[in-house]
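Quick notes on the structure that follows.
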Number of protein chains: 2
Amino acid sequence: MALSAALLAAAGELTQRVHEGVVARGFADLRPAHGFAFARLAPDGATVTELAAHLGVTKQAASQLVDEVVRRGYAERRPHPGDARARLIVLTERGWACTRAAEEAAAEVVGGWCEVLGEAQVMALWESLAKVAPCGPVRPAW
Amino acid sequence: MALSAALLAAAGELTQRVHEGVVARGFADLRPAHGFAFARLAPDGATVTELAAHLGVTKQAASQLVDEVVRRGYAERRPHPGDARARLIVLTERGWACTRAAEEAAAEVVGGWCEVLGEAQVMALWESLAKVAPCGPVRPAW
DNA sequence: CGAATTGGTCAAGCAGCCTGACCATATAGT
DNA sequence: ACTATATGGTCAGGCTGCTTGACCAATTCG
């Protein structure tokens, strides 16, 4: 179906342009995959196991990804308040700055869409997508 | 933005379910990435270089991917009619069967969306996406 | 209190992609 | 026509991200 192609094209372009926007704002040492991790870490932090589940990878892979972002100063491992085995991964100030940069870049792209479609159409698009994939995986899927 | 998340979720779910559908129809030795290659090969075949450009990878990676699908009987390398250096990669009958299976699986998913949104909304969704990403990359983007 | 479970890391291996080098054919320059 | 350059494709080697398997520390259940 052509709809499938259009959907994949839009998602690919969004990912690509958000990544470009993040890089342009000075965060060049990150890959798109890190963004998906930040999305899970942002609200209140998360454990490695939770992050692994969110990204659909093994704990080891998630742990390795956390190593990277910690080494680059975007997050830190803290003792978990309620479980001495676990560690709570939380964003640092730099991590939050990067998250805000990603939101700005995303808003820019969506703004461009509003100019093409009109705001009402974009809202309709959003609602349709939300109904169609209520809890789909917000992560690299292929 | 929540729209971004919804879009990525929908694209991820589509990719995943199409792949599941293809596997369920008996083509278990393929990855989603192969599907993006088939999309370029399907109409009239393509050279390795064209395929590489379409997938956004190097010629070497594309050549290796072609090796895999040839070894598994989905495609074959033929001499290129107009250029003795080049080879035209074309789908075999098995390759076409797999392509049809993918289209069936995609139609199933979209059919499910029609039940949720109604056919008119799905058409509107399609048109909006087509306007927004007229020539986005139909390939794994992250 | 011992047994089984869960969170996390360490170690080794593999798959997919990249860079660099190379050959064969095609195209352009003179 | 003949060389020079560009293009299509492959081979070889290396790197990165992810996986499986094993293990330790802390928790929970009997």
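Protein chains get the first letters and strands the later ones, always in sequence-line order, with residue 1 at the start of each.
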Options [options], nucleotide nearest the side-chain atoms of [X]:
X	options	result
A:Gln64	D:dG9, D:dC18, C:dA21	D:dC18
B:Val57	C:dC18, D:dG9, C:dG8	C:dC18
A:Ala61	D:dC18, D:dG9, C:dG8	D:dC18
B:Asp83	C:dG20, C:dT25, D:dG21	C:dT25

Could you tell me how far apart [X] ([atom1]) and [N] ([atom2]) are, to the nearest whole angstrom?
X	N	atom1	atom2	value
B:Ile89	D:dT10	CD1	P	7 Å
B:Leu65	C:dA15	CG	P	15 Å
B:Lys59	C:dA24	NZ	P	15 Å
B:Leu51	D:dT10	CG	C1'	15 Å
A:His80	C:dG8	NE2	C1'	13 Å
B:Gln60	D:dC15	CD	P	17 Å
B:Arg87	C:dA24	CZ	C1'	11 Å
A:Phe36	D:dC18	CZ	P	12 Å

Could you tell me whether the side chain of A:Leu129 reaches within less than 4.5 Å of the side chain of B:Leu125, counting heavy atoms only?
yes
Establish, with yes or no, whether the OP1 or OP2 oxygen of [N] is under 4.0 angstrom from a side-chain nitrogen or oxygen of [X].
X	N	answer
B:Ser63	D:dG9	no
A:Arg31	D:dG17	yes
B:Thr49	D:dT7	no
B:Arg77	D:dT10	yes
A:Thr58	D:dC18	no

Donor-acceptor under 3.5 Å (A:His19 side chain, A:Gln16 main chain):
no
Once you apply a heavy-atom cut-off of 4.0 Å, does A:Ala84 come out as touching a base, just sugar-phosphate, or nothing?
sugar-phosphate
Which comes earlier along DNA chain D counting from the 5' end, the contact point of A:Arg85 or that of A:Glu68, where each point is its nearest nucleotide?
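Result: A:Glu68.
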Quick check: are there more than 12 heavy atoms from other residues, nucleotides or ligands sitting under 6.0 Å from CZ of B:Arg78?
no
Nearest 0.5 Å, what's the CG-CD distance between B:Leu3 and A:Glu127?
10.5 Å
If the threshold is 4.0 Å, N to carboxylate O, is there a salt bridge linking B:Arg100 and B:Glu93?
yes
